[in-house]
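Here is the structure we will look at.
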Amino acid sequence: MNTIRSDFSIAPLPFPDALAAACLQQFQTTPPLVHCLTNEVVQSFTANVLLALGAFPAMVVEAEEAAQFSTIANSLLINIGTLHHSRAESMLAAIQAANQSATPWVLDPVAVGGLTYRTDFAHQLLSLKPAAIRGNASEIMALSGLATMGRGVDSVDSSVSALPAARQLALQVQTVVAVTGEVDYITDGLRDFAVTGGDKLMTRVVGTGCALSAVVAAFCALEGDRLHHVATACRVMSQVGGQVSQQVAGPGSFIPAFLDGLYQLKISDLL
C-alpha cells in the first residue's frame with residue numbers, strides 16, 4: 001500500500017518486509033542485464049555483487065559501443081567516481097541512447113560538491129532525467145543545491161539531515177532518490193521509506209556504496225513501483241552486509257562472505 005504524506009515532519013515509514021520480498025521475487029524471476037559505467041576502482045567488485053544476486057553485469061566503456069549497448073541492456077549505471085573527459089563522453093552517449101530506448105538509468109554522484117568538474121557534470125546529467133539517484137548525505141545535499149561542500153566519497157552529514165534535500169531533488173528531477181548512511185532513506189518526494197541495517201564494517205572496504213548503486217540500477221529494470229524497487233535494493237544490501245559483518249573478523253574476510261551472503265539470499269530471509 002502506497003502512503004502519501006503532506007506532512008514531511010512525520011518520520012519515514014520502515015520499508016515493509018512483504019514489499020521487499022515481492023520485489024526480490026520479481027528480480028529473481030527476471031534477472032536484468034546491467035550496463036555499468038562505473039568507477040575504475042570498483043568494477044570487479046561491482047560485477048561480482050551483481051553476479052552473486054543473479055543479475056548480468058557488463059562494463060562497456062568506449063563511447064560508440066556504450067551507446068549501442070545501452071539499447072540492449074535492461075538498465076544503466078552512471079557512476080562518476082573516476083571521471084575524465086573520455087569517460088564523460090561515453091556516459092553522455094550511453095544516457096542519450098538509453099533515453100531513446102526507454103532504458104532506465106541511475107546516477108551515483110560520487111564526490112559531488114567537493115570538486116568543480118564533477119559537480120558541474122552531475123548537474124548536467126540531472127537534466128537527462130535519471131530513473132534514480134543514489135548517494136551519501138553530503139552528495140545528495142550538494143546535488144540538490146542545499147549544500148556546496150563534501151569530502152570526497154565520505155559523507156560529513158547524516159542521512160536523515162539530507163532527507164529534505166533528497167525530497168526536493170526527487171520532486172525537482174521527478175525521480176527516486178536514495179540517500180544512504182547509517183539509515184537509508186528512499187523518497188520520490190511524496191513518499192518516503194527508511195531502511196535500517198548494515199554495519200560500519202561496510203565502510204572499511206572499497207566499493208559497497210558503488211555496488212549498491214549498481215544493484216539499484218538492476219532493480220530499476222523491474223516493472224512496477226520504482227520507489228519499492230530502489231528500497232528493496234537498499235534493503236538487500238544492508239541486510240546481507242549487517243548479517244555478514246557479525247560473522248567475520250574484519251575487512252579482508254568481509255568481501256568473500258558478503259558475496260556468499262548475496263548468493264545465498266532467499267526471499268524468505270526478507271520476511
Side-chain angles (χ1 to χ4, degrees), residues 34-53 55-63 65-66 69 73 75-95 105-122 125 130 132-140 142-143 150-156 178-181 184 198-218 233-234 237-238 240-241 244-245 248 250-262:
V34 187
H35 183 190
C36 299
L37 280 168
T38 191
N39 82 69
E40 296 163 4
V41 178
V42 302
Q43 289 188 85
S44 177
F45 180 62
T46 296
N48 284 332
V49 164
L50 290 173
L51 286 168
L53 283 171
F56 305 100
M59 280 71 173
V60 181
V61 299
E62 195 281 326
E65 289 189 338
F69 196 81
S75 60
L76 168 67
L77 168 66
I78 299 295
N79 174 310
I80 63 172
T82 50
L83 186 65
H84 47 76
H85 287 289
S86 61
R87 183 59 61 89
E89 180 184 356
S90 296
M91 290 175 173
L92 289 171
I95 292 169
W105 67 277
V106 170
L107 173 62
D108 186 338
V110 178
V112 160
L115 297 167
T116 302
Y117 173 59
R118 70 181 55 246
T119 300
D120 291 345
F121 184 68
L125 296 185
I133 301 169
R134 199 294 309 172
N136 66 37
S138 296
E139 290 162 350
I140 296 302
L143 198 60
R151 195 184 73 182
V153 297
D154 299 320
S155 179
V156 296
V179 53
T180 55
D184 299 339
D199 189 273
K200 288 184 178 179
L201 184 57
M202 297 177 74
T203 68
R204 298 300 183 94
V205 299
V206 173
T208 52
C210 295
L212 170 56
S213 294
V215 175
V216 167
C234 293
M237 293 287 279
S238 64
V240 173
V244 166
S245 295
V248 300
S253 51
F254 173 82
I255 289 178
F258 182 61
L259 294 174
D260 286 348
L262 293 172

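The residues of the chain are indexed from 1 along the displayed sequence. Note that this is a predicted model, so its numbers are computed, not measured.
- At a threshold of 4.5 Å between non-hydrogen side-chain atoms, the residues M91 and L83 count as touching.
- Formation of a donor-acceptor pair under 3.5 Å by the S213 side chain with backbone atoms of D108 is not found in this model.
- Using a 4.5 Å cut-off on side-chain heavy atoms (C-beta onward), M237 and L262 make contact.
- Once rounded to the nearest 0.5 Å, the distance linking CG of L37 with CG of N79 reads 9.5 Å.
- Counting heavy atoms from C-beta outward, V215 and L50 have side chains that approach closer than 4.5 Å.
- Between T82 and R87, the side chains place no donor N or O within less than 3.5 Å of an acceptor N or O (distance only, hydrogens not considered).
- What you find for G207 and V42 is that their closest heavy atoms are CA-CG1, 3.6 Å.
- Proximity of the aromatic rings of H85 and Y117 is defined here by a centroid distance below 6.0 angstrom, and this criterion is met.
- Looking at heavy atoms from C-beta onward, F45 lies out of side-chain contact with V206 at the 4.5 angstrom threshold.
- Using a 4.5 Å heavy-atom threshold, the side chains of F258 and V49 count as touching.
- Residue G241 comes nearest to D199 through the heavy atom pair O-CB, 4.4 Å, listed as atom of the first residue, atom of the second, then distance.
- One finds the CG atom of D120 at 11.0 Å from the CG atom of L125 (value rounded to the nearest 0.5 Å).
- Here L115 pairs with R118 under the side chain to side chain contact (heavy atoms under 4.5 Å, CB included) rule; sequence neighbours left out.
- Judged by distance alone, the side chain of T208 and the main-chain N or O of M202 form a donor-acceptor pair under 3.5 Å.
- Taking both residues in full, the closest heavy atoms of A217 and L77 are given as CB-CB, 4.1 Å, listed atom of the first, atom of the second, then distance.
- Atom-to-atom distance recorded for E89:CD and E62:CD is 8.0 Å, nearest 0.5 angstrom.
- Side-chain contact between C210 and N39 is present, with at least one heavy-atom pair separated by less than 4.5 Å.
- Summarising the geometry, atom CD1 belonging to I133 is positioned 7.5 Å from atom CH2 belonging to W105; distances are rounded to the nearest 0.5 Å.
- Side-chain atoms of S75 never come within 3.5 Å of backbone atoms of V34 as a donor-acceptor pair (strictly under, hydrogens ignored).
- Of all non-hydrogen atoms in A122 and L143, the two that sit nearest each other are CB-CD1, 3.8 Å.
- L201 and S245 get closest at one heavy-atom pair: CB-OG, 3.8 Å.
- A heavy-atom distance below 4.5 Å is not found between the side chains of P57 and T46.
- Contacts of S253 classified as side chain to side chain contact (heavy atoms under 4.5 Å, CB included), with partners at least two apart in sequence or in another chain: V248, A249.
- One finds the NE2 atom of H35 at 7.5 Å from the CD1 atom of I78 (value rounded to the nearest 0.5 Å).
- Counting all heavy atoms, side chain and backbone alike, C234 lies closest to D184 at CB-OD2, 3.7 Å.
- From I95, atom CD1 reaches atom OG of S90 across 11.0 Å, with rounding to the nearest 0.5 Å.
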